[in-house]
Structure formats: structure tokens, C-alpha cells
Amino acid sequence: MSESSITVLAISDLHYTGLAHQTAQLPQQRGELTKTLLKKVFLRLNHMGVHPDLTVLLGDLIEDGSDRHAELDMISLHGELTRSGIPVLAVPGNHDIPPSAFTSFFDCAPGLHEIRGYGFIVFDDAYAENHECERSAEALALTKKIAAEHPGLPLIALQHPPIYPAIDSHYPYRPVNAAEIIDSFEKAGVILSLSGHYHKGQKARTHEGVLYHTVPALCESPFRFSLIRITGTRVEIEEINLAMQTPNIIDVHCHTEHAYCGTTVDTAPCIALSQALGVSTLCFTEHAFQLYFEKKTAMGFKWQNTPSLAETVWATPERHRMAAYRRFAQKVRSPFTKIGLEVDLYNNGKLLLAPEDAEADWDILIGAIHFIQDFIPGKTGQKDAENLFLRDVEHLVGFDIDVLAHPFRFFSRNRLETPTRLYPEVAGLLADSGVAVEVNFHTHQPDPEFIRQCAEKGVKIAFASDAHDLAEAGEFWPHVNVLRQAGITPKTYAETLFSF
Ligand SMILES: [Zn+2]
Ligand SMILES: [Zn+2]
Ligand SMILES: [Zn+2]
């Protein structure tokens, strides 16, 4: 028989406040963000190429279980977990709805759950009015019974309160009978005990043969969760931060509610999230073509070879939605938030910007190739596509743009090969024109080799979330990672990254 193994995602203390009344939450607790943070956890794992077999939630999913909208907020979190497609085990915390209602909501009764050759024991320790918690005699006996009935099954205990080591605080974090619990785990041969409740968390520590880990709160900076890999009875724990550990990160490219292609991106939560996650400057750069044309026209790209479409719009004072966007941009502009546009080519290499919009006081302009005039999808071959692409890059960098958006994404989007032979030429064009190159993971996988060649030629590297989905905001782990693959470490960011 081959050895069992399992990868467990452990998350604790979300203290979510969605539809529920905002209570006097401590300022460092960001319950209003946790639904998106939960979504970001799954996005991060996706970037890391990790596919957990199980998610365990260690309690305090919501801030106030007695709120009349508590169940709706639970449903909301449940929705994100459903979308992840990963099975869930959840234990109730002192802030949640009553334990019986909680465990039935998650179909997660107290007791043993056997998953992939491991025995997870769910405890629903009850809390008294004075915040004290005590494990019942029945629950202590159950641990013993499970061990006796399942010899050889590696056991993992899941509970809200931290068990070990002691915490120096007046607040009763640990159960009053923690010593009895420790004894029961030791006797039952529990290999791992996972807890939450103590927001700082406790690094994994072995005591009498049992490994104890308190998972830090997702709702507090740096917004942590744990990834636990178990092979046989060997346990490996990785603590992961959602927040950036690197200073001076500028997100040069983020969308807003004006984007037709946006899904859940919204300006306000984008600002709040990016700030919380340690981004230093956030640039909103809406698609100019989507501001000039109504949706069907914009997304049809006929405007690219029909200049009269733009001329007609530009003759009107509002220029469809552009004037409104400019007023909006002035409202959101701040020391943290910069404003700009993502601009495309049209009419044989001209920049799609009305004269008065070209003269406007933008903080940043991003040049993008979403579609290429003269390129016919499914007809134009690889070689011709490469030549057309190079032609458009040459045109774009000739304008007063700061950054080239998602270079080479055009090819993967059109199911063509990425022309690595063009890397030196494109890097050279960017270097000669002083245009920065974007690292952008929105529906694209940047090649570290191209980034390396750009950096070598002195081209500045710009981090872009290109957020169309709110969860993409402030997510720069893959950027840091791909730069490392290109030989660029955070130590040299001051010289290598794009800045204002
Ligand atoms: Zn708690
Ligand atoms: Zn784009
Ligand atoms: Zn974009």
C-alpha cells in the first residue's frame, strides 16, 4: 500500500461583515474585506500551482453570529468556498452562529471525518458568557474512542481555541482544561492539532509527539493562511501572507466599473484592498476605446479600420463616456491613486485619443495591443501576425506612452505561438523609446526570458494587476516570483522597477 498524503488549506478568523451591521470592530480587523481575501487565497494558490485536497476553516467566519444577516453572510462565504471546488471542514468559533446551527450549515458534524486516509476530528467547543471555553467530557472521551476504533489512522484535531503553547494574556484564549486536551491528544496519538482564535497565530510546535499550530487570522494584516502538506505522518506547514512584503509597489494598470470587460472590479474596494495589501500607488487606466464607444461597437473593433466612428464620437462634447470618465478620474485622484488610460491603435497606426483627451493631464498612459488592424483571426498565419505585431509595437512606442501593456499576450489570445525570436527587437524598441514593460498575469503567463532581456537593456519593469476581477487587485506574488526567475530580486527593485 502506498503512503497516504494530503494537502490542506487552513484558514481562520475571517470575522466577515458583509450584509451584517458593522459593529465596533477593532481597526486592524478588516472583516469588510475578508470575502474578497478568501477569493484571493484561491487565486494565490492557483498562481502557486497548488491544488489543496481540503479546506479547513478554524472558526470565527463572521463577526457577529447574532446579527439578523449572519446567515446571509455565511452563505456569501460559502459561495466563495463552493467556487473553489475544494471540500470543506469547518469548526465554529465564539463569534459564529450557535455551534449546532453552524455545523449543520457546513454539513460538518462534530466527530470523525475520514478523508484520503486521514482522520479529521471536528470539535465544537462551546464558549461561556465570560469568553471561557471548556472541552466537554464527552468530546474528550470521543477522541479516545476514535483512536481505539481506528488503529493506524493518522488523526488531526480541528478546533477554534488554541491548545498549546500557553499564551501570556488576561484574555482566556485557551480552553480552561487545555491540559486535559493535551493529554487526550497524546494518548490518542493525534499527529497534528489545528486551531484559530488567537489572531497572531502560533508557529507550529511539537509537544509530547503532537504538532500544534494556531493559524493566524485572515482578517488582519498581513492576511495570512497556512498550507499544510502531510505525507504519511510527516507534516510540513507553510504560512503564507496575502499582503506584499516588498515596499514601493506601483500597480500601473487597474480597471474600474467603466470597463465592459470588467467582472467584479470596482474602484472603491480596489483602493481599500490595494492599500491594505501594501501597494504604494494604484493607477486606474481604463480602456479608452470602451469609453468612446458603446459596448457592441467597442468590443467589435470595427472602429480600428473605420476612423469615421471615432470622428463622429469626438465631435460630441461628452465623447460618449470619456468626459464622464475624466470627471470621475479627478474625483478618485489622490496621493495614493493615479489616473490614466489604456490606449490602442486605430486607423493605420494612430493613437485612439481625441485631441483634447491626448492633451489632458493624465498621470499615466498604457499602450496596448488588443487587436491588430489587418489581422484576420484564423486566417493570418504566424509569420504575418508577427510582422503585424512588430509594426504596431513600433507605432505604439512612438507615442507618448509610459508603459507597454501585456506584451505578447496577443499571440496566446489568438492561439498563435509566442514569437520568442522577437524578444530582442521588442526589448530594443522599448529601451530606445524609454517605455516600460508590463508584467501582467491577467489571463496571461509572462515569460521570464523576455523580462530578463528587457531588464538587461535597461527597460523599466512595471507591475500590473490589470484587475478586471476585484480579487486580482493587489496580487503581486506572481510578479515577484517571475522577476526572481528572470534573475531580478527585490533588492534591485529601486533601480529596475518603473516609478513616477
Ligand atoms: Zn474567536
Ligand atoms: Zn489590456
Ligand atoms: Zn487592461
Side-chain angles (χ1 to χ4, degrees), residues 11-16 25-26 29 31 34 57-65 90-97 99 102 123-128 131-133 159-163 167 169 171-175 195-201 214-220 251-256 258-263 265 270 282-291 298-299 301 340-345 352 364-372 392 396 401 403-410 412-413 437-444 446 462-469 472-473:
I11 305 174
S12 196
D13 294 80
L14 291 87
H15 291 265
Y16 180 50
Q25 219 174 30
L26 295 167
Q29 291 183 17
T34 44
L57 298 167
L58 295 153
D60 286 357
L61 270 63
I62 54 174
E63 172 64 15
D64 179 9
V91 298
N94 52 314
H95 282 254
D96 288 309
I97 58 174
F102 182 97
F123 292 99
D124 64 344
D125 303 304
Y127 282 80
H131 308 294
E132 270 182 6
C133 147
Q159 61 264 308
H160 186 56
I163 306 298
I167 294 164
S169 164
Y171 186 87
Y173 284 105
R174 296 206 302 165
S195 303
H197 192 43
Y198 182 55
H199 285 197
K200 279 188 190 145
T214 302
V215 177
L218 184 68
C219 71
E220 288 189 30
D251 182 353
V252 298
H253 184 167
C254 182
H255 289 283
T256 72
H258 296 83
Y260 296 137
C261 51
T263 49
V265 73
C270 236
L282 173 63
C283 307
F284 287 107
T285 51
E286 201 47 86
H287 293 288
F289 74 91
Q290 297 185 18
L291 296 168
M299 303 318 265
F301 282 89
L341 290 170
E342 183 175 4
V343 287
D344 289 65
L345 295 171
L352 183 79
I364 186 165
L365 286 181
I366 310 255
I369 296 172
H370 293 105
F371 203 78
I372 293 178
D392 277 11
L396 261 183
I401 61 168
V403 181
L404 177 67
H406 42 74
F408 296 106
R409 188 175 84 184
F410 175 82
S412 53
R413 279 271 173 103
V437 67
E438 235 186 34
V439 177
N440 180 327
F441 281 84
H442 174 70
T443 69
H444 182 64
F463 281 14
S465 69
D466 201 359
H468 288 68
D469 184 308
E472 290 172 307

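Residues: numbered from 1 along the sequence shown. Note that the structure is predicted; figures quoted are calculated from it, not measured. Every number for a ligand or one of its atoms is a count from 1 in the order of the listing.
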So, is His406 placed with an N/O/S atom under 2.8 Å from the Zn ion (ligand 3), counting both backbone and side chain?
no

Going by the angle between their ring planes, with limits at 30° and 60°, are Phe301 and His370 parallel, tilted or perpendicular?
tilted

Could you tell me whether any N, O or S atom belonging to Asp60 is less than 2.8 Å from the Zn ion (ligand 1)?
yes

Is there an N/O/S atom in His95 that lies less than 2.8 Å from the Zn ion (ligand 1)?
no

What N, O or S atom of Glu342 is found closest to the Zn ion (ligand 2)?
OE2

Considering just N/O/S atoms, say which atom of His370 is closest to the Zn ion (ligand 2).
NE2

Is any side-chain heavy atom of Val252 closer than 4.5 Å to one of Ile366?
yes

Can you name the N, O or S atom of Asp466 that is closest to the Zn ion (ligand 3)?
OD1

salt_bridge(Asp466, Arg409) N-O dist < 4.0 Å
yes

Quick one: sort the His95 and His15 rings into parallel, tilted or perpendicular, breaks at 30° and 60°.
perpendicular

Got Pro407 and Glu438 here, is their nearest side-chain heavy-atom distance under 4.5 Å?
yes

Considering only N, O or S atoms, which atom of His197 is nearest to the Zn ion (ligand 1)?
ND1

Under 2.8 Å from the Zn ion (ligand 2) - does any N, O or S atom of His253 fall there?
no

Can you tell me how the ring of Phe289 sits relative to the ring of His287, calling it parallel under 30°, perpendicular over 60° and tilted otherwise?
tilted

